[in-house]
Amino acid sequence: MRLRRLETRLPAQRAVEGDGFVVHRPFPVPGTEQVDPFLLLDQMGPVDHGPGEAVGTPVHPHRGFETVTYLLEGELQHRDSLGNEGTLGPGDTQWMTAGRGVLHEEGPTSGFLARGGRLHGLQLWVNLPASAKMIPPAYQDITADAVAVSHPSPGATVRVVAGEAFDLVGPGSTHTPITYTHVTLEPGAQVASAFDPNHTVLVFPLLGVVAVGDEVLATAELGVLGPGDAVELSVPADAASPSEILVLSGRPIGEPIARHGPFVMNTREELVQAFADVRSPEFGS
Ligand code: MN
């Protein structure tokens with residue numbers, strides 16, 4: 001077994017989306033366009049909204065990749081041009097394959113907007129290979145009770161949404177090999193898992209800190225791990241609170257990307273075509 005060590009640190013940067021939706025984004029940032037096969041990672045909150053304060057993102061298009069939204073706290077709703085509609089609560093995932101094109105809107109539910117409360121979630125963009133960029137759009141609604149859960153060691157909870165990690169297999173279906181795991185570790189707890197040596201592996205502490213070997217990642221500091229076939233994570237025994245950690249892995253796609261705004265294609269011509277197509281009433285239907 002060869003443990004992966006921390007190779008690169010990407011501290012999240014503040015960005016504003018939609019109607020004033022504040023996110024913390026480790027990538028893309030200048031100098032790091034993607035962490036192949038992942039195109040974007042946003043942490044939404046944790047933020048406490050008063051009644052009437054929560055905001056969302058109005059109708060917008062996507063083409064050429066997938067958006068994966070996972071919620072830890074709060075309530076979001078989603079509606080798209082294919083007629084898919086869903087509500088996300090804590091532990092739920094919405095895995096949307098934009099493929100050749102979809103229009104959607106994302107925001108707080110009317111109940112959450114009225115009541116206010118704490119919102120904490122993630123949105124990940126997963127690239128599609130050239131062979132799948134123009135597939136028909138699709139939608140997976142993965143509820144919290146469908147996620148694979150275990151307690152592999154004292155003080156550790158592991159929830160696998162997709163792929164095989166921590167001896168679990170998640171329910172999500174992916175177009176290239178990807179694993180998506182939410183790990184909760186109490187102070188002093190430790191977990192380990194094998195990961196495919198060909199995968200990129202990312203570790204992102206959403207709350208609290210996490211150690212990869214003897215290197216500690218701060219809250220909202222993304223760690224890109226180096227080569228190896230296993231990952232060991234721990235939380236220092238003197239940490240003030242439990243840590244919530246996102247662990248992602250995926251096989252790099254290794255293709256050129258041409259991206260602008262909501263479209264991620266392989267060539268500039270395909271990007272220009274996407275901007276032309278989105279004006280057609282056919283887009284997203
Ligand atoms: Mn979107």
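One-based numbering, in listed order, for ligands and for the atoms of each.
- Around the Mn ion (ligand 1), the protein contributes the following N, O or S atoms at distances under 2.8 Å: His60 NE2, His62 NE2, His104 NE2, Glu106 OE1.
- Among residues two or more places apart in sequence or in another chain, the salt bridge (Lys or Arg N to Asp or Glu O under 4.0 Å) test is passed with Glu255 by none.
- Salt bridge Glu215/Arg9: present, at least one basic N to carboxylate O contact under 4.0 Å.
- Ion pairing between Arg100 and Asp277 fails under the 4.0 Å rule for side-chain N and carboxylate O.
- Connection of Tyr139 to Val102 is established within a shared hydrophobic cluster, with ILVMFWY side chains joined at heavy-atom distances below 4.5 Å, either directly or through further cluster members.
- Proximity of Glu66 to Leu39: side-chain heavy atoms (C-beta onward) are nowhere separated by under 4.5 Å.
- Checked against the 6.0 Å centroid criterion, the rings of Tyr70 and His182 qualify as a close aromatic pair.
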